[in-house]
Each structure stands twice: as C-alpha cells, then as structure tokens.
Amino acid sequence: MNNLELSEQEIIRRKSLEELRKLGIDPYPAEEYKTTHHSTDIKEQFNEEENNLQDVVIAGRIMSRRIMGKASFAEIQDSEGRIQIYLNRDELCPGEDKTLYNTVFKKLLDIGDFIGIKGSVFKTQMGEITVEAKELTVLSKSLRPLPIVKEKDGKVYDAFSDPEMRYRQRYVDLVVNPEVRETFKKRTLLIQTIRNFFNSFGYLEVETPVLQPIPGGAAASPFVTHHNALNIPLYLRIANELYLKRLIVGGYEGVYEFSRNFRNEGMDRTHNPEFTALEIYVAYKDYNWMMDFTAKMVEEVAMALHGKTEVQVGDRIIDFKTPYPKVTMTDAIKEHTGFDISGMNEDQLREVCDKLDIEYDDSMGKGKLIDAIFGEKCEHHYIQPTFITDYPVEMSPLCKKHRENPELTERFELFVNGHELANAYSELNDPIDQRERFEEQVKLLEKGDDEAMYIDYDFLRALEYGMPPTSGMGIGIDRLTMLMTNSPSIQDVLFFPQMKPEKKPEKDGKEKFIELGIPEAWIPVIQKAGFLTVKALKEANPNKLHQDICGLNKKFKMGLKNPSKEDVAGWIA
RNA sequence: GACUCAAUAGCUCAGCUGGUAGAGCACAUCCCUUUUAAGGAUGGGGUCCUGGGUUCGAGCCCCAGUUGAGUCACCA
C-alpha cells in the first residue's frame, strides 16, 4: 500500500477502516437506515416530566467526541442540526463482549463518520437534551479529517474560513459552517416565494433555449460553442427576453422563467460567468403596474425570509416595505449634479461630463453618456429601495417610447443599497420601431460599441404578427439573495462559484521510472522525495537522492532493502 | 488589466535585527465517574507556496512566478 501521499491522520483512518472490516462490520453498508427523528424534533419534543421519546432512532455525522473511560459523549449532526449522544459501555454492550464500545466507538470511529443511534432521550445534569445509545450502527466511514470548528455561546473558535478552500470544497464548508447551509436554504425559499407569488396570479413558468443561434435580449459578450450535426455556432444565452416575448405573441397572458444566463466577462464580487436571472412578462400591463408588482414581490420575499420588511445589509438596515419612491432619471441627475440634461444633444452631454470630471470615449452615444453620469454621481445615493424611471431612448433598444416624451422610454430600474437590482419596461411592441432600434444598435456596433445588440429577424417577425401591450421585468436572483442574506460576495450565494482550475503538479507514470531500472516499490518513495517526473529525477544529485530515499524508507518503516549508491547513480545516469 | 496584502502541522494562527520551526484544537498511547469550545500525562506530525539570488547561514532580505483576498478599471 502506498501511504506516502497521505497524512498521518488519513493513514490511521484507513487502518481503522480495515479493522472494522476485520470485526465483520461493513463500513459502507447498503441497507436503508430507518430514522424516527431529526435532532431538532427531539430537542423540541422532549419533556422531562412526561419522559417521552424513550425509543428513537437518529443518524448523522459525529462532530465531536468526549471519551471518559466507560462513558462517552458525542455530538451527532444531521440535516437539521446537532444533538448530543451519551454512550455508556454497559448500556451499549450489556453482555460480556464490550468490543462495540471499547474498540469500535472509542478507537475505530472518528469525527466525520456517519453513525446511527437507537436509544432513549434524557437530560444531563448540565441540562443538555441527550440520546442515550442502546444500539450503534456504523453507516459510513470518513477517511479525511474535517476541520474542527468549535463554538461556545455563539463565539466561533478556529473557524474554517479560507475563502478558496470554502468555495473549492463547498461540501466541507457546508458540513462545518451551519450558517452556510442556512444561506442556501434561504436562497431556495426566496425562489419558492417568487414562484408562488407569480403562480397566484396564474402566470406560467416556462423554459426557453439556453443554446441560441443569436444571443439577444441584453448587451453582453456571450460564450460560443459549436453544434456538430448542424455545423453552426451556438451561443449560451445572455438573456431569455426575446423568447419570453415570443410566448406572449403566442397568446399566454403571463410567462416567467428563472433563467441561468452566461456572460463571458470579468469575474468579481458581484459577477459570476453563470448567474440566475428571473424574467417575467405580463400582457396588457405597463411599467407603472410593473413597479407596484415588483415592489410587492420584493416585500413578500423579505417577509418570507425574515418575517419583517427590515433587513440588515452590512451596517445598514434596508426596509423593503412598499411603496417605494419613484424618481425620473432626469430628476435624479438634476438632484445630484445640478445639471438638467433634458433635451441635450451628444455634445452638450460631453460638456456636462467634462464639468463633472467623468471619463468617456468617442464610441459612447447619448445613452451611454447619460448612463455614465448617473452611474458616477447618482446610483450610490439610492440605499433604500427606489425606482429610477424614464431612461433615454438610446439606452433601451427593447423598450417602448415614453407616452409623453419620445426622447425617453417607459423603463424603470429598482435600486437598492446603491446598486441596480431589477430592470423593467413597457415592452416595445411596434415592429417597425423595433426594427429601427435594432438598426441603431448596428450603427453603434460599427462605431465600436462591442456590447450593442445584433438583429434577431425571427423576433421581428414575431412582433409583426402582433404582441399585446406588455410589461416585462428582470431581476438578478443572485444579487437579490446577496441582499436578503447579507452576503457581501456572489460566491457566498452560489454553491459552486466559478474558480480557476486547481492545477496538479506534473507527474510521470510508474512505467517511465521502471524503464530506468528502478524497482517498483521505490517509485513512491522517489516521488515522495519530490521527484515527480523522470526529467526532474535525471537532474538530481545522486548522493542526496540516495540519502533522501533511504531516509524515507526508515522514517516510514517501509521495510525495503536500501539500494547501493551505485544503484541510485545507475538509475539516473 | 493595474495596485496593495496574504500563503508556516489536518484546522486556526504565532514566529524577535537573518542563527537548531512553535501554540491551541485535531491525531496516537495511557488515566478518568453524566461531560460540554470536557480534564490530566506523554508522544508523533512540517517541501515554512514554487524557483532563483544575497549570505558562513534564509520561514524572515532581494528578484521572478503560482494561488487567493481586497481596491480600482472593465463589465450589469
């Protein structure tokens, strides 16, 4: 057995595994293990006077052990939480044979192993509700030691906190950090709340293509792939907007989708290459209706997760109680910069940018310039939920023109904590206007704006058949979850955030070493000494190599016959 | 992409001007009675991220790289 790559603790656990098998105990049994209670049920239901719960079965992972001669305490963690168990040698092993306690529990089980306990509930002198074990079943042996996190009066000791390890080995993070499990439960509850809210209106949850021939509906850089049978490029969707609108054309009154979108752009605390957006489209509505609907939805989510509308986010309290104030983009800019941009042309806007010390470049049209002013000077002021409305037409190629001012669109964004959270329109359903707007986008493309949209002719064809007046809204589920769970980073609300691949050191197979005349038994020793490839080995100092591997042989009690210096020199000559 | 910071035992972290690598938890052996971030005794465990350089001597200083975190830029 090659144990050189394992830590001491891993070797000990593998030995324990073998010992269990020798005792006739299967460390990975196949049978169903029927439990009667979760840890939390027992803690809630046990009543000392009634002396109830005298026959319970629980299962979970051993998270701590305190062994004192013929009595021990341990904590078992199941999906709901932890509960203490008490093991008394003579209760667990009433007969002559004390192996189950003395050997199996005390020596062969470890923190991290899954066990099942059948027993009765009581309260210790310390007042802790505890299950006294009458039977113990090994359910699964753990071969790697878990990080040990201890907690006393809410204070956490030796937290498992390294972000890289937490994200790469999320399973470990989930085992030892209960608040992480809680965050993801909240994420699911959030999605369920929104789904129930929409369903209560009779809107239909749908699925639309992830692989799209034209990546439309947003301004972003897509991932490209290739379909072999069709021999065409396909794009992973950056949005699902244009497909959902086709469904409104088809006659549904309301459709929504939780859409996993993919954008081939930078990654940081608020951006992951794949993320979840929610989009909903409702016929015969406008953006005023959608504002109230959105606010109601967000309020409902806050209530479902927290039981109240106030939510702690960082060092602020954000109150999601409706209604939310509505501010037009022009008024917002006027308020925070003193400039009234209404009716300004591109040159005048550039002047404003100069005066406000905002950078811009020549590819930026009116829309982007206004966006830059807003982003720089206004956005961060909107901490409490606020709707910003009536965006310039250049910024919103899929949005209906404002009913009172053709320079503007009927669009709003919901800002919370200084960031955009949701985006919504009275959807553009005039096919001729839509065609012109797409053509404007193409001009922007030619001007060098690499985010401008491509023309989706099938979508235009759909609009030409007629789409009822419709309002649509999109919201970032990850970012909403970040707000609602007070998580500062998107990685904290994604189970498996995208990471750079772990790189493994290059390592030659054993054939290559055998070719040099090295006995097979010595190969792991050589690799343990740091020579993973034949190439590296060839550059080694033969004297040092000889000393190193003989030393390892002794240290790990390998019992191999040491080669001579000449042998070693011969291998690498 | 730029800058700043970090990487030491399974985990959390110390480590003095540059002089033989440390603690707590975990692990092993032993003692022990309903204990609680259990206690006591003893012990094992390290490629100090990698590669160069300076030096009699590098965990520490210098250079380059890897990975991560943060700030900014870009991006919703």
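First the proteins, then the strands, lettered A, B, ... as listed; each starts at 1.
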Worksheet item: A:Arg168 side chain: which of B:rG70, B:rA76, B:rU67 is closest?
Response: B:rU67

Item to complete: Measure from the ring center of A:His336 to the ring center of A:Tyr382 and say whether it is less than 6.0 Å.
Response: yes

Item to complete: Report which part of the nucleic acid A:Glu413 touches: base, sugar-phosphate, or nothing (heavy-atom distance under 4.0 Å, all strands).
Response: base

Response to the item:
Sorted by position of nearest nucleotide on RNA chain B, 5' first, the leading residue of A:Met126 and A:Met165 is A:Met165

Worksheet item: Is any side-chain heavy atom of A:Arg411 closer than 4.5 Å to a side-chain heavy atom of A:Tyr287?
Response: no

Worksheet item: When the distance from NZ of A:Lys106 to C1' of B:rA28 is rounded to whole Å, what number comes out?
Response: 14 Å

Between protein and nucleic acid, restricted to nucleotides 41-44 of chain B and to nitrogen or oxygen atoms under 3.5 Å apart, what atom pairs and distances do you find?
| residue | atom | partner | partner atom | Å |
| --- | --- | --- | --- | --- |
| B:rG44 | N2 | A:Glu8 | OE1 | 2.6 |
| B:rG44 | N3 | A:Glu8 | OE1 | 3.3 |

Item to complete: With sequence neighbours left out, write down each residue that passes side-chain contact (heavy atoms from CB on, under 4.5 Å) with A:Pro397, or none if nothing qualifies.
Response: A:Arg437, A:Gln441, A:Met453

Worksheet item: Could you state the CE-C1' distance from A:Met63 to B:rA26, rounded to the nearest angstrom?
Response: 12 Å

Discussion item. What's the gap between B:rU20 and B:rC56 when it is taken at their C1' atoms, as a whole Å value?
Written reply: 16 Å

Worksheet item: Picking from B:rC25, B:rA73, B:rU34, which would you name as closest to the side chain of A:Ile148?
Response: B:rC25

Fill in: Spacing between A:Ile12 atom CD1 and B:rA26 atom P, to the nearest angstrom
14 Å

Fill in: Test: A:Glu18 and A:Lys15 ion pair at under 4.0 Å
no

Discussion item. Classify A:Arg13 by what it touches in the nucleic acid, base, sugar-phosphate, or nothing, heavy-atom distance under 4.0 Å.
Written reply: nothing

Practice prompt. Quote, to the nearest angstrom, the C1' distance that separates B:rA38 from B:rA14.
Written response: 25 Å

Worksheet item: Which of these nucleotides, B:rG68, B:rU34, B:rA28, is closest to any side-chain atom of A:Asp110?
Response: B:rA28

Discussion item. Does A:Arg144 reach a base, just sugar-phosphate, or nothing at all? Heavy atoms under 4.0 Å.
Written reply: nothing

Practice prompt. State whether A:Arg269 places a side-chain N or O below 4.0 Å from either non-bridging phosphate oxygen (OP1 or OP2) of B:rU71.
Written response: yes

Worksheet item: Rounding to the closest angstrom, what is the interatomic distance between B:rU50 and B:rG43 at atom P?
Response: 29 Å

Discussion item. In this structure, how many angstroms lie between the P atom of B:rC75 and the CG atom of A:Asp478, rounded?
Written reply: 21 Å

Fill in: Salt bridge flag under 4.0 Å for residues A:Lys245 and A:Glu427
yes

Worksheet item: How far, in whole Å, is B:rA2 from B:rG46 if one measures between their P atoms?
Response: 38 Å

Practice prompt. Assign A:Ile67 to base, sugar-phosphate, or nothing according to its heavy-atom contacts below 4.0 angstrom with the strands shown.
Written response: base

Worksheet item: Which part of the nucleic acid, if any, lies within contact of A:Met267, taking any heavy atom under 4.0 Å across all strands shown: a base, the sugar-phosphate backbone alone, or nothing?
Response: nothing

Practice prompt. Output every pair passing salt bridge (charged side-chain N to carboxylate O under 4.0 Å, His left out) with a member in residues 471-496 of chain A, not counting sequence neighbours, ordered by first then second residue.
Written response: A:Arg166-A:Asp492, A:Arg187-A:Asp478

Worksheet item: Separation of A:Arg66 atom CZ from B:rC31 atom P, in whole Å?
Response: 21 Å

Worksheet item: Counting only Watson-Crick or G-U wobble pairs whose two distances fall under 3.5 Å, which nucleotide matches B:rA6?
Response: B:rU67

Discussion item. Using Watson-Crick or G-U wobble geometry with both distances under 3.5 Å, which nucleotide pairs with B:rC56?
Written reply: B:rG19

Worksheet item: Would you say A:Arg13's side chain and A:Ser142's backbone share a donor-acceptor pair under 3.5 angstrom?
Response: yes

Discussion item. What is the separation between atom CG on A:Asp162 and atom C1' on B:rA69, rounded to the nearest whole Å?
Written reply: 9 Å

Worksheet item: Can we say A:Arg237 and A:Glu257 salt-bridge, meaning some charged N sits less than 4.0 Å from an Asp/Glu carboxylate O?
Response: yes

Item to complete: Could you let me know what B:rG45 is paired to, Watson-Crick or G-U wobble, both distances under 3.5 Å, or none if it's on its own?
Response: none

Fill in: Residue mapping more 5' on RNA chain B - nearest nucleotide basis, A:Ile111 or A:Pro147
A:Pro147

Worksheet entry | Side-chain donor/acceptor of A:Gln84 to base of B:rU35, under 3.5 Å | yes

Discussion item. Heavy atoms from C-beta onward define the side chain here; which of B:rA76, B:rU34, B:rU33 lies closest to that of A:Arg263?
Written reply: B:rA76

Worksheet item: Looking at A:Arg170 and A:Asp173, does any basic side-chain N land under 4.0 Å from a carboxylate oxygen?
Response: yes

Discussion item. Distance check needed: B:rA76 P versus A:Arg411 CZ, whole Å only.
Written reply: 11 Å

Worksheet item: Roughly how many Å is it from CE in A:Met499 to P in B:rU66, rounded to a whole number?
Response: 17 Å

Worksheet item: Within the structure shown, what part of the strands sits under 4.0 Å from A:Lys107 by heavy-atom distance: base, sugar-phosphate, or nothing?
Response: sugar-phosphate

Worksheet item: Which value, in whole Å, describes the distance between the C1' atoms of nucleotides B:rC11 and B:rC30?
Response: 26 Å

Discussion item. When the C1' atoms of B:rA9 and B:rA26 are compared, how many Å lie between them, rounded to an integer?
Written reply: 10 Å

Practice prompt. Using a heavy-atom cut-off of under 4.0 Å over every strand shown, decide if A:Phe122 touches base, sugar-phosphate, or nothing.
Written response: base

Fill in: B:rG52 to B:rU66 separation - C1' atoms, rounded to the nearest Å
15 Å

Discussion item. Heavy atoms from C-beta onward define the side chain here; which of B:rC27, B:rU34, B:rU29 lies closest to that of A:Thr124?
Written reply: B:rU34

Item to complete: Measure centre to centre between the rings of A:Phe122 and A:Phe46, then say whether the value is under 6.0 Å.
Response: no

Worksheet item: Distance between the C1' atoms of B:rG1 and B:rC16, in whole angstroms?
Response: 39 Å

Worksheet item: Just checking A:Glu379: base, sugar-phosphate only, or nothing, at a heavy-atom cut-off of under 4.0 Å?
Response: base

Worksheet item: Of the nucleotides B:rU34, B:rA69, B:rA76, which one has an atom closest to the side chain of A:Glu265?
Response: B:rA76

